[in-house]
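Remarks on the structure that follows.
Ligands are counted one by one from 1 in listed order, and the atoms in each one are counted from 1 as well. Scope of the values below: all heavy atoms of this structure, side chains included, with no hydrogens, waters or symmetry mates.
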Amino acid sequence: MSPPALAVTGLTVDYGPVRALRDVSLLVPEGGFVAVLGGNGAGKSTLLRAISGVLPFHGGVVREGGITAAGTPLRGRRPDQIVRQGVVQIPEGRDVFARMTVAENLRAGALGVRDRAAVAAARERVLRLFPVLAERERQRAGLLSGGEQQMLAIGRALMAGPRLLLLDEPSLGLAPIMIGRIAETISAINGEGIAVLLIEQNAALALELASYAYVLEVGAVALEGSARELAASPEVRDRYLGITGGADDEPDLAATGPAKTLTRWSG
Ligand SMILES: Nc1ncnc2c1ncn2[C@@H]1O[C@H](COP(=O)(O)OP(=O)(O)OP(=O)(O)O)[C@@H](O)[C@H]1O
Ligand SMILES: [Mg+2]
C-alpha cells in the first residue's frame, strides 16, 4: 500500500508561551479529501503553517511530533523544499500578488518547477479550470473580485504540480454562488487525484466535500470520523452546523446509525 499523502503524528506547537496545538494526529490518504473543522483560534491555520513549513515566519515552533508526506519527513524542512515534495498551501486570505498580473501570479506558482512542458501543461489546466483567469491574464490581480482572487490563489498553487493541496478557509468572505464554484473546483481537483486537506469554519461545506474530517477544539483533536458520521453527530450538528433540533430534519444523514468509529476525546 502506498504511504498516506500526509501523516501528522503527535504534533505540538507553541507561539512563545502560547500552546496552539497539543498532540494532534491526522491522516490524509493518497488522493483523499480530509477536512479540519473548528472555531476561531482552534489552531486550524497553525496546523497548516506547521505542515507547509512557514510556522517560523509567524513566531511559532514545532515542539513535538512528526509530519510526513508520501513517506518523506517534512518537519524542519524549508517551505520551498516542502513545495518540492508536492505539498502546497493556499494561505488564509488568499494573498495573491496584487500588483502583479494574473499571468505573473501563475508563473510565480511554478518558480521551483524546471520542467517547462509541465509548467505549460499546468497553465493550460488552470486556465481550463478557471476561464475567468484566461480572460484576465494581463490584468493586475488586485483588481479581481474576492472570488476571482481565490481562484487565482488555487490556480497558482496548482502551477507547482501538487500531490497534496492545503486550503485555509477558501470560502471566507465569499458570496454563496462563489463558494459553490470554488467548492466544485476543489472537488474537481481532488477528482484528478490530488489529495486535499481543507480547513473550514463552514462545517456544512467541508462535510459535504470531504470524506473524512477532524474537529479541532483549543488546539486538540476533539472528534474525528467519516464526514457522514460527523454530519450526523449531535455535537457537530449543534456546535458547527447550527442544527439544534432532533436528528429528524435530515433522515438520510441520521440513518447512518450510531457512529461506532467516531472517536471521542475523553479529556
Ligand atoms: N503568530 C502568532 N503569534 C502568537 N499566537 C498566535 C499566532 N498565530 C496564532 N496564535 C494563537 O494560536 C491559537 C491558534 O490560532 P490559529 O490562527 O491557528 O487558529 P484558527 O483555528 O486558524 O482560527 P481562525 O478560525 O480564527 O482563523 C490562537 O490562540 C491564536 O491566538
Ligand atoms: Mg485560521
One finds that the ligand 1 atoms under 4.0 Å from a non-hydrogen atom of Q201 are 25 (O)

How many angstroms lie between atom CG of L111 and atom CZ of R156, to the nearest 0.5 angstrom?
10.0 Å

Considering only non-hydrogen protein atoms, determine which one is nearest to atom 4 (C) of ligand 1 and report residue, atom name and distance to 0.1 Å.
Y15 CB, 3.4 Å

Is the shortest distance from a heavy atom of G43 to ligand 1 less than 4.0 Å?
yes

Among all protein heavy atoms, pick out the one at the shortest distance from atom 25 (O) of ligand 1; state its residue, atom name and that distance to 0.1 Å.
K44 NZ, 2.7 Å

Can you pull out the closest protein heavy atom to atom 30 (C) of ligand 1? Residue, atom name and distance to 0.1 Å, please.
G41 CA, 5.0 Å

Filtering L48, L21, T46, I199 for the heavy atom nearest atom 18 (O) of ligand 1 leaves T46

How many angstroms lie between atom CD1 of I186 and atom CG of L209, to the nearest 0.5 angstrom?
6.5 Å

Heavy atoms of R237 and A232 approach each other most closely as CD-O, 3.4 Å

Pick from V88, I51, L166, V87: which one makes a side-chain contact (heavy atoms from CB on, under 4.5 Å) with I82?
V87

If I compare all heavy atoms of M151 with all of R181, which pair ends up nearest, and what's the gap?
CE-NH1, 3.4 Å

Any G39 heavy atom less than 4.0 Å to ligand 1
yes

Under 4.0 Å from atom 27 (O) of ligand 1, is there at least one protein heavy atom?
yes

With a 3.5 Å distance limit and no angle check, can you tell me whether Q149 reaches the backbone of V96 through a side-chain donor-acceptor pair?
no

Flag S45 as yes if one of its N/O/S atoms falls below 2.8 Å of the Mg ion (ligand 2), otherwise no.
yes

Could you state the interatomic distance from CZ (R75) to CG (L55), rounded to the nearest 0.5 Å?
10.5 Å

Sub-3.5 Å N/O-N/O distance, A20 and ligand 1
no

Hydrophobic cluster membership, with links at side-chain heavy-atom distances under 4.5 Å among I/L/V/M/F/W/Y: are L197 and I182 in one?
no

For atom 1 (N) of ligand 1, find the nearest protein heavy atom and state the residue, atom name and distance (0.1 Å precision).
H58 O, 2.9 Å

CG (D14) and CZ (R22) are apart, to the nearest 0.5 Å, by 10.5 Å

Return a yes/no value: protein heavy atom under 4.0 Å from atom 13 (C) of ligand 1?
yes

Nearest-contact summary for atom 17 (O) of ligand 1 - protein heavy atom, Å
S45 CB, 3.8 Å

